[in-house]
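Quick caveat, the model's predicted, so the values are computed rather than measured. The sequence lines fix the lettering, A, B, ..., with proteins before strands; numbering per chain opens at 1.
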Protein chains: 2
Amino acid sequence: MKSTTSTSEKILDIAQSLVVAGGYNGFSYADISAAIGIRKASIHHHFPTKAELVSALVDRYRQQTGAGLKSLREGISDPSEQLQAYVNFWHSCIGDASLPFCVCAMLASEMQMLPEEVASQVRAHFHGLAEWLASVLQSGAEAGRFRLDNRPEEEAQIVMASVHGAMLSARAFGDPGLFIVIVAPQIARLQAPDRQGNAGQESSTHGR
Amino acid sequence: MKSTTSTSEKILDIAQSLVVAGGYNGFSYADISAAIGIRKASIHHHFPTKAELVSALVDRYRQQTGAGLKSLREGISDPSEQLQAYVNFWHSCIGDASLPFCVCAMLASEMQMLPEEVASQVRAHFHGLAEWLASVLQSGAEAGRFRLDNRPEEEAQIVMASVHGAMLSARAFGDPGLFIVIVAPQIARLQAPDRQGNAGQESSTHGR
DNA sequence: TGTTGCCTACCTACTAGTAGGAAGTTAAAT
DNA sequence: ATTTAACTTCCTACTAGTAGGTAGGCAACA
C-alpha cells in the first residue's frame with residue numbers, strides 16, 4: 001500500500017508537533033529538515049517563509065477542527081453528548097500524547113509577537129470554537145439538557161477557558177489525568193438539573 | 001529621590017515583560033541590551049546563562065507571588081474576599097496591561113522545551129498556587145462562605161484553570177474585559193449559597 | 001587590593017532565506 | 001515517436017544576520 005502523504009503534508013505534520021511542543025519560536029527549518037530527512041532549502045520550496053508555513057499549518061488545523069466540530073453536531077443528536085464528545089477528543093489526545101495541546105491555544109499565548117497573518121487566524125479559531133460551543137449550549141438548553149446560569153455565549157467562553165486552562169495545568173503538572181479532573185465537573189455542572197445531580201432536592205441544611 | 005533599582009533588577013524587569021510577551025524563546029540578550037542601554041556582555045556578567053536568568057526571574061516572581069498571596073490571607077479575613085482580591089489583582093494587571101499574563105502560565109505552555117531548572121520552578125509555582133487556592137476555598141467552606149461541589153483541591157484546580165484560560169482568551173481575542181467575564185461567574189458560583197441565589201445555604205453536600 | 005560593574009572585541013553555532021542547478025515528470029509540437 | 005518546453009521537487013552552496021556565550025581590560029570603589 002502506498003503512503004499518499006505528500007512531502008508538504010509531512011512538513012506540516014512535523015511542524016505542527018513542533019509548534020505544539022514549543023510554539024512559534026520553538027522550532028526552526030533545521031528541526032523539520034532533520035525530522036523528515038529533507039534539506040532545509042526544500043522546505044523553503046514548499047513554504048517560502050516561516051510565517052507562510054505556520055499560516056498554512058493553522059489553516060489546515062482550522063479546517064480539520066471545523067470539519068470535526070461539524071461532524072459532531074451532525075453525527076450526535078444530543079447536545080450534551082456533543083459537548084462530551086468534544087471534551088473526550090481532547091481527553092484522549094492528551095492521554096495518548098498524540099496532540100497534547102491545541103495548536104491555536106499554544107500560539108495564542110504568543111499572540112503579541114506572532115506575524116499578523118497567523119495572529120488573525122488564531123483569533124478566528126477562538127471565535128469559531130466559541131461560536132460552536134455557544135450553539136451547542138443553546139441547543140442543549142432549549143432541549144432541557146443543559147441548565148445555563150448565563151448567556152450561552154458567556155457559558156461557551158467559560159467552557160473554552162476551562163478546557164485551555166486544563167490543558168495548561170496538565171502540562172504544567174506533567175499529569176495528563178488532570179485535564180479531565182478539571183473539565184469533567186464543569187461539564188457536569190452544566191448538565192445537572194440541580195446542584196446535587198440527584199432527582200430530589202434537600203440541600204439547604206442551613207447554618208451559614 | 002534616588003531610584004534604588006539595581007541593574008540586575010532592571011534586567012529581570014525587562015526580561016519578565018519579554019517572557020510574558022513571547023515566552024522563553026521569544027526574547028534574546030540583545031533585546032534586553034537594547035531596552036535598558038547596556039551591552040550584551042554586561043548582562044552575562046549578572047546572569048551568565050539564559051537558563052540562569054530566567055530561573056532567577058521565576059524565582060523572584062515566585063517570591064513576590066508567595067508574599068502577595070500570604071498578605072492576602074493575613075490582611076483579609078473573609079476567604080471569599082481573599083479569592084476576590086486574587087482575581088481583582090489579575091483583573092487590573094490585564095486591564096492596565098502591566099502584567100497581562102502570568103509568567104509561569106506562559107512558561108508552562110513551553111514546559112516541554114524548558115531547561116529543567118526552570119521547569120521545576122514552574123511546576124512549584126502551580127503547586128503553590130493550587131495549595132493557596134485550596135486553602136482559601138476550604139476555609140471559606142468551613143466558614144459557610146463557599147459552597148463546594150467537589151474537594152477543595154479539585155475546586156482549586158478548576159479555579160486556577162479558569163483564571164489561566166481566561167488570560168489566554170483575553171489575549172487571543174485582544175479583549176482585556178473578557179478575563180472577568182469568564183472568571184466572575186466561576187467565583188459567583190462558588191459563593192452562591194445555592195443555584196437559585198436565595199439567602200439560605202450551605203453545608204457540605206459534597207458531590208464526591 | 002581585590003571586587004564589582006561595565007566595556008570592546010570576539011567566537012561558534014544557528015537563524016531564515018536565496019541562487020542556481022540536477023533530476024524527473026508531463027504534455028504539447030514536431 | 002521524438003524532441004522540446006515547462007514544471008516540480010529536491011539538492012549543494014551560500015548569504016546576512018542573530019543566537020548565546022567568552023576573554024580580557026578599564027575604572028570606580030570598599
Problem - ring pair (Phe, Tyr, Trp, His ring centres under 6.0 Å) partners of A:Tyr24, counting only residues at least two apart - result: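 Once residues adjacent in sequence are excluded, A:Tyr24 has no partner under the ring pair (Phe, Tyr, Trp, His ring centres under 6.0 Å) criterion.
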
Problem - Trace of the salt bridge (charged side-chain N to carboxylate O under 4.0 Å, His left out) decision for B:Arg189 with A:Asp149 - result: CA-CA 9 Å; B:Arg189 173 178 65 84; A:Asp149 292 332; over 6 Å; no

Exercise for the section: Indicate yes or no: at least one non-hydrogen side-chain atom of A:Leu114 is less than 4.5 angstrom from one of A:Met111. Expected result: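 A side-chain contact exists here, since the closest heavy-atom pair is under 4.5 Å.
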
Handout entry: Closest nucleotide among D:dC11, C:dC7, C:dG5 to the B:Ser42 side chain
Key =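 The listed nucleotide nearest to B:Ser42's side chain is C:dC7.
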
Exercise for the section: Look at A:Thr7 and D:dT9 and indicate whether a side-chain polar atom (N or O) is within less than 4.0 Å of OP1 or OP2. Expected result: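 For D:dT9, OP1/OP2 do not have a side-chain N/O of A:Thr7 under 4.0 Å.
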
Problem - Parallel, tilted or perpendicular, as decided by the 30° and 60° cut-offs, for the rings of B:Phe179 and B:His91 - result: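 If you compare the ring of B:His91 with that of B:Phe179, the planes turn out parallel.
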
What integer distance in Å separates [X]:[atom1] from [N]:[atom2]?
| X | N | atom1 | atom2 | value |
| --- | --- | --- | --- | --- |
| A:His45 | D:dT12 | NE2 | P | 16 Å |
| B:Leu53 | D:dA19 | CG | P | 14 Å |
| B:Arg39 | D:dC26 | CZ | C1' | 16 Å |

Problem - nucleotides 16-26 of chain C: protein proximity per nucleotide (B base, S sugar-phosphate only, - neither; heavy atom, under 4.0 Å) - result: BBBB-------

Practice task
Not counting sequence neighbours, list each pair that qualifies as a salt bridge (Lys or Arg N to Asp or Glu O under 4.0 Å) and has a residue in residues 106-118 of chain B.
Solution key: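 Applying salt bridge (Lys or Arg N to Asp or Glu O under 4.0 Å) to every pair that reaches into residues 106-118 of chain B, excluding sequence neighbours, yields B:Glu116-B:Arg123.
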
Practice task
State whether A:Arg151 and A:Glu155 are salt-bridged, where the test is any N-O pair (Lys NZ or Arg NE/NH1/NH2 against Asp/Glu carboxylate O) under 4.0 Å.
Solution key: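 Result for this pair is no, no salt bridge flagged.
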
